[in-house]
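A, B, ... follow the sequence lines: proteins, then strands. Residue 1 opens every chain.
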Amino acid sequence: MIDPISGSDSTSLQKIFVGYIAEFREDIRVKQKTILIAVLVTLALGLALTPAAAQEQTELRIGFSFADVDSLDPGVTTLSGVGIMVGHVFDTLIYQQPLGTYHPGLATEWTVNEDATEYTFTLRDDVTFHDGTPFNAEAVKFTFDRIVDPELNSQMAFSFLGGTTYQETVVVDEFTATVRFNSPNAAFLDSASQPQLGIVSPTAVEALGQDFGIADIVGTGPFIFESYTPDSQVVLVRNPDYNWGSEAVFGRSGPADLERITFLLIEEPATRLAALESGEADFIDDVPGLDVARLQDDPDFEIQIFQQAGHGNSLMFNAEREPTSEVAVRRAVNFAIDKEAMIDIVFNGFGTPGCSALTDVMFGYDPATCDFYSYDPEEAGRILDEAGWVLNEETGIRERDGEPLVIQHYAPNRPLNAAMAEFVQEDLANIGVEFELNLIDFAAYLDIVRAGEHNTQNWWDTQTDPDGVMRTLFHSSNADGGTNRNRYRDDEMDALIDQALGIGDPEERAAVYAEIQQKIGDEAIMVFFNNPVVLYASVPELQGLTVLSGGFQPNFYVASFSG
Amino acid sequence: MTRFLTRRLLQAIPTVVLVTMLVFLMLHLTPGDPAQVLLGDQRSTPEMLERVRADMGLDRPLVEQYLTYMGSVLGGDLGRSLITNIPVGESILLRLPHTIELTIAAMLLAMVLGIGLGVLAALRHNTVVDTAAMTLALIGISMPVYWSSLLLIMLFSVGLGWFPPIGQGSLDRLVLPAFALALVSAGALARLVRSSMLEVLNQDYIVTARSKGLAQRRVIAWHAVRNALIPVITILGLTFGNLLGGAVLTETIFARLGIGAMYVEAVLQKDFTLVQGTTLFIALAYVVINITIDLIYLVIDPRIRYD
C-alpha cells in the first residue's frame with residue numbers, strides 16, 4: 001500500500017495499528033460478537049480465578065489498617081500495628097488478661113522484690129525457637145541486652161524496658177533469669193507482656209544481622225514467619241511443634257487450628273471494608289464508624305466492639321506559649337467543648353466522654369475526674385471575662401490589651417484530625433476564642449510541635465500501664481521536644497510519677513495515680529475528648545478471637561472457622 | 001539514527017542530574033526530618049534524635065550528603081530506605097512490574113476507548129452518537145480517579161462480585177484499577193482524536209482519495225485516522241505522566257503494590273534515599289519514553305527524519 005502523502009511503503013507497525021482501527025470499523029455484527037466474547041472471557045477468567053470454597057477454611061485473611069511497617073523486629077519497630085502481627089510469632093514471658101492480671105507465658109512463675117527493681121522469672125524448659133534454637137535464660141538476656149544496645153536504636157521496646165533504668169539481666173541458671181533495674185519499675189510486668197519484649201532467637205539475630213526484621217524473624221510463637229511483601233502483605237504459617245501456649249489466656253496450649261494467617265496491608269478504610277464485603281478478607285480492623293450500623297444489620301458479618309485501653313483522643317496545651325500557658329484559658333476551653341455532641345458527630349456515636357488521661361478501663365483510672373469539667377460555655381465565658389479577655393463585639397473574638405485570643409492548633413492532615421479540629425473550632429468560636437487550624441503533613445507537623453511552636457495538638461495512645469501514659473504526657477524528662485508536648489514541667493508531678501512507678505502494691509499505686517489525675521484536672525493541662533472503642537468486623541464463621549492489651553491487640557492463636 | 005540516539009541519550013544526562021539535584025534540595029528545604037518521622041510519637045530524648053540523625057548521615061553538610069549519595073549511585077548502590085532499612089533498588093524492583101503492568105493496561109484501555117470514541121464521534125459528527133460519545137468523554141475527564149475507583153469497587157467487587165477489589169498478580173485484579181486509571185486519559189484522548197479527525201476529514205487528500213473511488217472504510221483507515229493520530233502520539237508521552245500520577249491514587253485505593261503509592265509515602269516520611277532513588281528511576285523512564293515517542297513519529301509520519 002502506497003501512502004498518498006509520503007509515497008513510502010507502510011511498515012509492519014502501521015499495519016498492526018491501522019489494522020486495529022479498521023477492525024474497529026468492522027460492521028456492527030462483528031463488533032457485537034467481539035464484545036460478547038470479551039465479556040464472556042472476562043467472566044470466565046473471573047470465575048476461574050475465584051478460589052473454590054474450601055471444605056474447611058484454615059487460612060485467615062486479615063484486612064489490616066496498620067499498613068506501615070518500619071521493621072518486623074519487635075525490638076526495633078516503633079509502630080504498635082507491627083506488634084499485633086509479630087505477637088503471633090513471638091511469645092512473651094507473661095500474658096496480661098484482663099488489664100492488671102498476669103498469667104504464665106514463657107515464664108511459669110515470677111517474683112518481684114519489694115521496691116520493684118528486681119524481677120525473677122522461672123522459665124519453661126520445653127520451648128524451642130522456630131529455627132531449632134533452644135529457649136533458655138540466655139535468650140532472655142540476649143533479647144533484653146540487645147534492646148538497650150545503642151547500635152539497635154530501639155525506641156518502643158527500649159521505653160517498655162524502662163529505658164536507661166534497665167540495668168541487666170542475670171542468668172541465674174539455665175531456666176531462671178533475673179531482670180534488674182537501677183530504679184523502681186512497677187510497670188515492668190505490663191511491659192513484659194507486650195509483643196515488643198517478645199523473646200527473639202539469638203542464633204537467628206546473629207545470622208541475619210540487619211536483615212532480621214525484613215527478611216525473616218524467628219521467635220517461639222504459635223506461628224512461623226513465612227514472608228513479608230512491603231506495602232502488601234505479611235504471611236504467617238502454623239508452628240506444628242507449638243505446645244506452650246498460655247492456657248490461662250487462650251484455654252489451650254497446642255498448635256493453632258489455622259494453618260496460615262495473611263495480613264493484607266490495606267490503609268484505605270473504604271477498600272478494607274470492600275475487601276471484607278467481597279470475601280477477600282475474613283476479618284478487618286478499624287471498621288469505619290459510619291458503616292458499623294449497616295454491617296450489624298447484615299447477617300453475613302459480625303461486629304465486635306471493645307473499649308480501648310490507654311489514652312483516648314485529646315487536646316494537648318503547650319504550657320510554654322501564650323495564650324495556652326494561662327490556666328484560665330485552658331480551663332475555659334475545657335468547659336467550652338461539648339464532648340457528648342463531639343462523640344455523636346466526630347466519632348459516629350461510639351465511646352463515652354473522656355474525663356482523664358487514662359481511659360475508663362485502665363488500671364488506676366479515677367472516676368472522680370469526671371466532676372472537673374462539664375459542658376458549660378457560660379462558665380467558660382465567665383472565666384475568660386475574669387481573666388481580662390473581653391469580647392470584641394465587632395470581630396466576635398475576645399481581646400486583652402489589644403491582643404486577640406487566638407489558639408494555633410497543629411495536626412497532621414488526616415480526616416479524623418480535621419473532624420476533631422473543626423468541631424473544637426466551632427465550640428471555641430461560641431465563647432469568643434479563635435481556634436486557628438494548621439493541618440499539615442506529618443513531617444512538617446513534627447518539626448513544629450517538637451520545637452514547641454504550637455498552642456495545641458492532638459494525642460492518642462494505647463499503652464496499658466498508667467506509668468507509660470503519665471510519663472509520656474506529663475513528665476518533664478519528655479518535655480524538651482519529646483512526647484510531653486504540653487511542655488508541662490512540674491517538680492511535684494515528676495515526683496508523683498516516679499513515686500508511683502516504685503510501688504509494688506496495686507492499691508497504693510492506684511492512689512498515687514488518683515492524685516496525679518486530680519492535679520491534671522486542677523491545672524487543666526489537657527482536654528480529654530473521649531473513651532474510645534476499638535471496632536472489628538469479621539465473617540460470622542470466624543470463632544475464637546482473643547483480644548489482648550485492653551482491646552487493642554487482636555490475637556488469632558486459637559481462632560478457627562466453624563461451619 | 002545511531003547518532004540521533006546517542007545525542008538524545010547524552011542530552012538526557014544533565015536532565016537527570018538536574019532532577020536529582022532539584023529533588024534533593026526540595027526535600028531538604030521543606031520542613032520535616034526523617035529522624036523525627038522515624039521516632040514519631042515515641043517517647044524519645046533529644047539525644048536519641050541526634051543519634052538517629054547521625055545514623056542517617058543527616059548531620060553532615062548538604063553538599064557532602066549529595067556527593068556521597070551520587071557517588072554510591074554511580075557505583076550502582078541506591079542505598080537503603082531511611083525508614084524501613086530495605087535496599088532502595090529492591091523496593092523499586094519489587095513494585096516496578098506491577099506499576100508497569102497497571103500503566104500499560106491503562107494506556108491500552110485509554111487508547112482503545114479514546115481513539116474509538118473519538119473516531120466514532122468525528123465520523124458521526126453532529127449526531128446523537130457524537131453528543132453521546134463526547135458526554136462520555138466529559139464524564140471520564142471530570143470524575144476524580146479516587147471517586148471512580150470507589151464506584152467501580154462498589155459495583156464490581158462488593159455488588160456483583162466479579163473482580164476482587166485489592167491486590168495484584170492476576171488479570172482479574174488488574175481490570176478495575178486499570179479501568180479506573182484509564183478513564184481520565186480516555187476522555188481526554190477521545191476529545192483530541194475527534195477534533196484531529198474532523199480537521200483531517202476536511203483535507204484535500206481525503207477528498208482526492210474519495211474521488212478516486214477508494215472505499216469509505218479504506219479512506220478512513222488509511223488516510224484519515226493515520227494522519228489524525230500524529231498529534232495524538234505527542235500527547236501519549238504526557239498521558240504516561242498522567243497515568244503515573246493517577247497510579248498513586250489507584251494503587252492506594254486498590255491496595256496494589258506500586259511505585260506511585262510508595263513514592264508518595266516516601267515523600268511524606270521524608271525518606272530521602274527512597275525518594276531520590278525513585279526520582280532517578282522515574283526521570284530515566286521519562287527519558288526513555290520520550291525517545292521512544294520520537295521514534296514512533298518516524299514510523300507514523302515518514303516526513304520526519306532525524307539524520
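Among B:G258, B:P165, B:A255, the residue with the largest count of heavy-atom pairs under 4.5 Å with chain A is B:P165. Counting heavy-atom pairs closer than 4.5 Å to chain B, the top-ranked of the candidates A:A215, A:A275, A:A274, A:A67 is A:A274. No other option in A:P230, A:S232, A:G213 has as many heavy-atom pairs under 4.5 Å with chain B as A:P230. Of the listed residues (A:G63, A:A281, A:A444), the greatest number of heavy-atom pairs within a distance under 4.5 Å of chain B belongs to A:A444. Heavy-atom pairs under 4.5 Å with chain B were tallied for A:L265, A:I448, A:T229, A:N484; the largest tally goes to A:T229. Each of A:D211, A:I214, A:V76, A:I266 has some count of heavy-atom pairs under 4.5 Å with chain B, and the biggest count is that of A:I214.
If you measure heavy-atom distances from A:D441 to chain B, the contacts under 4.5 Å come from the side chain alone. Contact annotation for B:Q269: only side-chain heavy atoms (C-beta onward) come within less than 4.5 Å of a heavy atom of chain A. In this structure, the portion of B:I153 lying under 4.5 Å from any heavy atom of chain A is its side chain and not its backbone. Interface remark: B:L150 contributes side-chain atoms only to the contact with chain A (heavy atom separation under 4.5 Å). Only the side chain of A:L264 comes within less than 4.5 Å of a heavy atom in chain B; its backbone stays farther off. At a 4.5 Å heavy-atom cutoff, the contact between B:R80 and chain A is made by side-chain atoms alone. For A:D461, no part lies under 4.5 angstrom from a heavy atom of chain B. Heavy atoms of B:M154 lying under 4.5 Å from chain A are absent altogether. Heavy atoms of B:I86 lying under 4.5 Å from chain A belong to its backbone as well as its side chain. Contact annotation for B:L94: only side-chain heavy atoms (C-beta onward) come within less than 4.5 Å of a heavy atom of chain A. Contacts between A:D68 and chain B at a heavy-atom distance below 4.5 Å involve the side chain alone, from C-beta outward. Heavy atoms of A:P412 lying under 4.5 Å from chain B are absent altogether. Within the 4.5 angstrom heavy-atom criterion, only backbone atoms of A:V69 (N, CA, C, O) approach chain B.
Using a 3.5 Å distance cut-off with no hydrogens or angles, the side chains of A:S65 and A:E267 do not pair a donor with an acceptor. Using modelled atom types, one finds no donor on one side chain facing an acceptor on the other under 3.5 Å when comparing A:E268 with B:Y146. For the residue pair B:T84 and A:D70, no side-chain donor N or O sits within less than 3.5 Å of a side-chain acceptor on the partner.
Cation-pi contact between A:R414 and A:F442: present, with separation from the ring centre below 6.0 Å and deviation from the ring axis of at most 45°.
Residues forming a ring pair (Phe, Tyr, Trp, His ring centres under 6.0 Å) with A:Y228 (at least two apart in sequence, or on another chain): none.
Smallest separation of non-hydrogen atoms from A:N417 and A:A411: CB-CB, 4.0 Å.
Remark: B:E101 does not engage B:R173 in a salt bridge, criterion side-chain N to carboxylate O under 4.0 Å. Salt bridge status for B:R95 with A:D231: present, with a side-chain N to carboxylate O gap under 4.0 Å.
Between A:F263 and A:F64, the ring center distance clears the sub-6.0 Å criterion. Between B:H28 and B:F272, the ring centre distance stays below 6.0 Å.
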Under the side-chain contact (heavy atoms from CB on, under 4.5 Å) rule, what do B:L274 and B:L82 come out as? Steps first, then yes or no, please. CA-CA 8 Å; B:L274 190 54; B:L82 295 183; over 6 Å; no

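Checking each of B:S91, B:S81, B:P34 against B:D271 for a side-chain contact (heavy atoms from CB on, under 4.5 Å) leaves exactly one that passes, namely B:S81.
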